[in-house]
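One structure is given below, encoded as structure tokens.
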Amino acid sequence: MKAEDKRFLSREILWVICFLGAGVILYTSGLGDLPLRDWDEGIVAGVARNIFRAESGSLTWLYPTINYGDAYWNKPPLVHSLIALSYRLFGISEWSTRIVPALLSACSIPLLYLTARELFAQRSTAIFSALVYLTLLPMARHGRVAMLDGAIACWFCLGLWCLLKGRQRYGWLLGMGLALGAICLTKGMMLGVLLGGIWLLFIAWDSPKLLRNPALWVAICLGVAPAIVWYFLQYLRYGTEFLGISLGDQTFDRIWSPVSTVSAPPWYYALEIAKYSLPWLIFLPHGVKLAWHQRHLSQGKLTLLGSGVYLLAISLMTTKLPWYVIPIYPLLALLIGMSLDRIWHKQQISLFWQISVSMVALICCLGSGYYLLAQPPQVDLAVIILTVGISFTLASVLLWQRQTQFILVLAAGFYLALLLLFNSDHWLWELNSDFAVKPVAAMLQKAPPGTNIYTNYPQIRPSLEFYSDRVVLPKSNDELQELWQAPFPSYILISTDSSQTLNLPDQQVLASSVSWQLITRRSHTRNESEKPEREGKR
């Protein structure tokens with residue numbers, strides 16, 4: 001290897017290490033400080049714990065279960081099994097639950113850099129793309145939680161990188177196939193078909209001869225073979241009921257019917273991107289314009305086709321969940337990286353950018369003052385917003401001076417603000433929408449293990465089930481009164497406000513916490529033979 005090639009390789013390795021290190025620090029900082037959230041975190045953690053608890057030689061990793069042995073058919077268990085391995089190494093905690101998805105998400109950052117190096121002639125474009133991706137709030141926040149979408153982003157970036165390299169060296173196509181298989185084993189076949197279809201459309205547009213190469217189809221078949229085998233084994237064990245729930249209710253039905261009434265208009269994801277993609281959203285239209293002018297090149301084809309097809313597909317789905325949009329962020333980062341690189345080299349700065357950054361700086365400074373003067377003052381939140389405001393203010397000054405260093409100021413300032421956010425109690429704001437689960441879960445452990453607990457709270461909370469290690473089933477007030485008269489003992493979780501309204505006689509309060517009580521009948525004598533059967537698979 002020539003000395004020049006060695007220097008080139010050393011620089012590439014250095015950048016990969018830098019982005020990996022920055023990602024690991026950001027994605028793991030304060031990781032275990034907050035409880036698990038509903039829905040997916042509680043479900044994923046519960047399935048992983050069952051795999052961890054299974055006896056040696058058990059096939060629970062292959063046939064995952066939830067609650068007290070009910071079959072889990074929602075998603076394949078690749079990430080769940082990795083989290084179970086984390087439990088074996090580090091014990092069960094919030095940190096050990098989230099560390100695997102967080103590390104996979106962090107790995108997607110250098111993988112995006114390597115993908116950009118295959119697309120763009122300039123290293124600076126790849127650097128800017130990776131910086132944008134590193135500091136995107138929705139990617140960083142969802143990549144840290146015990147969900148499956150950070151892993152999907154990792155497999156997607158890995159597949160893109162291997163696909164681009166495989167156009168010249170066919171052995172790399174196997175990496176694309178394995179990444180596609182990992183996607184199918186993480187979130188199911190439908191997402192694999194969607195993302196794999198985007199890759200094939202790109203190949204058909206950019207390198208159509210590759211479609212006739214047997215190496216491509218061999219790589220795809222080898223990659224997805226484990227996923228096909230897993231689905232086949234589930235069918236052999238559970239029959240058509242598995243297909244109806246896994247591929248029906250949990251997969252294709254989400255296209256045309258909402259899950260738990262979770263639906264929104266078609267422009268929902270466009271608004272999600274607009275709400276949470278600052279500061280880089282300001283430069284996205286310019287990146288799209290550049291990609292359109294370069295649509296005859298690979299970078300234009302991949303970014304326009306990939307982002308357009310994926311956004312259209314999820315927008316047409318009836319079910320709308322915020323994390324469905326995660327796979328689009330690597331492609332948006334490439335588009336924004338193109339814009340920033342053009343600004344860096346051409347020093348062409350528009351009035352729109354100058355005004356936009358200045359307005360955001362003003363809003364952040366005013367917002368910081370608002371939280372500082374609130375009663376009681378929220379100093380940590382004020383400091384986080386002030387950090388963003390200061391970085392935007394400095395960037396605004398540089399923009400008005402037409403200095404391209406504003407890009408580095410924005411990236412550094414937002415990275416610091418994200419670090420502060422993830423070390424505060426505010427980054428998982430969904431926890432504030434409902435009662436705290438940990439005190440109530442500790443109370444529910446007064447009920448015998450393996451017991452179903454009934455409640456008039458209207459929603460299932462998987463995080464409550466995880467922490468309490470009990471199944472908590474919502475029931476109406478009439479149903480609770482019927483259960484109260486049953487011959488077997490019933491354990492009921494009710495709020496203190498509804499205790500008198502229900503008028504359940506002969507109550508015995510086993511435990512109380514915050515505004516909740518766990519009650520049973522005093523006259524009940526525990527008889528294991530009279531335990532009710534578990535309710536159906538969930």
Side-chain angles (χ1 to χ4, degrees), residues 5-29 31 79 82 98-144 148-167 169 172-176 178-180 182-183 186 195 199 280 298-299 302-303 306 326-338 340-341 407-408 411-412 414-416 418-419 422:
D5 293 335
K6 288 182 178 179
R7 288 194 297 271
F8 176 83
L9 182 60
S10 298
R11 286 193 292 269
E12 292 298 304
I13 294 175
L14 180 61
W15 278 111
V16 167
I17 293 174
C18 288
F19 282 120
L20 178 60
V24 169
I25 292 172
L26 184 64
Y27 280 67
T28 62
S29 185
L31 196 63
V79 173
L82 293 176
R98 291 173 175 147
I99 188 63
V100 170
L103 291 178
L104 288 174
S105 301
C107 289
S108 68
I109 299 166
L111 286 171
L112 180 76
Y113 169 80
L114 293 171
T115 300
R117 289 296 288 129
E118 294 296 321
L119 282 174
F120 304 109
Q122 303 267 6
R123 178 184 285 113
S124 55
T125 315
I127 294 172
F128 290 135
S129 298
L131 283 175
V132 168
Y133 185 65
L134 172 66
T135 52
L136 277 171
L137 172 62
M139 184 60 226
R141 202 173 75 90
H142 279 104
R144 290 164 48 85
L148 310 179
D149 304 275
I152 290 296
C154 179
W155 311 139
F156 184 54
C157 291
L158 174 62
L160 283 179
W161 178 45
C162 292
L163 169 59
L164 294 172
K165 293 187 74 68
R167 293 178 301 175
R169 288 171 284 181
W172 283 93
L173 294 174
L174 180 59
M176 183 204 72
L178 293 174
L180 182 60
I183 291 171
T186 300
L195 297 182
W199 293 347
W280 308 118
S298 296
Q299 58 262 35
L302 177 62
T303 52
I326 292 297
I328 205 173
Y329 286 116
L331 299 170
L332 297 187
L334 293 173
L335 286 168
I336 297 167
M338 294 168 62
L340 297 178
D341 187 67
I407 299 172
L408 305 179
F414 215 75
Y415 183 85
L416 178 59
L418 288 175
L419 272 179
F422 295 151

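- Under the 4.5 Å side-chain criterion, counting only non-hydrogen atoms from C-beta, Y415 is in contact with I25.
- The line from CZ of R117 to CG of L164 is 12.5 Å long, rounded to the nearest 0.5 Å.
- With a 4.5 Å cut-off on side-chain heavy atoms, L158 and L178 do not count as touching.
- Atom-to-atom distance recorded for R141:CZ and L136:CG is 13.5 Å, nearest 0.5 angstrom.
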Would you please test F128 and I336 for side-chain contact (heavy atoms from CB on, under 4.5 Å) and show each step? CA-CA 8 Å; F128 290 135; I336 297 167; over 6 Å; no
Run the side-chain contact (heavy atoms from CB on, under 4.5 Å) check on Y27 and L103 step by step: do they pass? CA-CA 7 Å; Y27 280 67; L103 291 178; over 6 Å; no
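- Of the inter-residue distances, the one linking H142 atom NE2 with I152 atom CD1 reads 14.0 Å to the nearest 0.5 angstrom.
- Across every non-hydrogen atom of L104 and A151, the tightest pair is CD1-CB, 3.7 Å.
- L119 CG to L160 CG: the interatomic distance, rounded to the nearest 0.5 Å, is 8.0 Å.
- Across all their heavy atoms, C157 and L111 have their closest contact at CB-CB, 3.8 Å.
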What verdict does the side-chain contact (heavy atoms from CB on, under 4.5 Å) test give for L131 and L340, after you've listed the backbone C-alpha separation in whole Å, the side-chain angles of each residue and the deciding distance to 0.1 Å? CA-CA 10 Å; L131 283 175; L340 297 178; over 6 Å; no
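- R123 has its side chain within reach of W15: a pair of non-hydrogen atoms, C-beta onward, lies under 4.5 Å apart.
- Interatomic distance, CZ of F120 versus OG1 of T115, reported as 10.0 Å (0.5 Å rounding).
- Between L332 and Y133 there is no side-chain heavy-atom pair separated by less than 4.5 Å.
- Between S129 and G337, the closest heavy-atom pair is OG-CA, 3.4 Å.
- Between the side chain of R144 and the main chain of A102, no donor-acceptor pair closer than 3.5 Å is present.
- Of all heavy-atom pairs spanning A140 and L418, the tightest one is CB-CD1, 4.5 Å.
- Rounding to the nearest 0.5 angstrom, the gap separating the CG atom in L335 from the OG1 atom in T303 is 4.5 Å.
- Within the 4.5 Å cutoff, no side-chain heavy atoms of L14 are placed close to those of R11.
- Using a 4.5 Å heavy-atom cutoff, the side chains of W172 and W161 are in contact.
- Counting heavy atoms from C-beta on, the side chains of L331 and F156 come closer than 4.5 Å.
- Side-chain contact of S108 with W155: a donor-acceptor pair under 3.5 Å is absent, judged by distance alone.
- R167 has no carboxylate O lying under 4.0 Å from a charged side-chain N of E118, or vice versa, which leaves the two without a salt bridge.
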Kindly determine whether M139 and I326 satisfy side-chain contact (heavy atoms from CB on, under 4.5 Å), including the steps that lead there. CA-CA 6 Å; M139 184 60 226; I326 292 297; 3.7 Å; yes
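- Here the side chains of L26 and L134 are in contact, with some heavy-atom distance below 4.5 Å.
- For the residue pair V24 and A106, the shortest heavy atom distance occurs at N-CB, 3.7 Å.
- Relative orientation of the F19 and Y113 rings is tilted, given thresholds of 30° and 60° on the angle between their planes.
- Scanning all heavy atoms of the two residues, the minimum distance from L20 to P110 falls at CB-CG, 4.0 Å.
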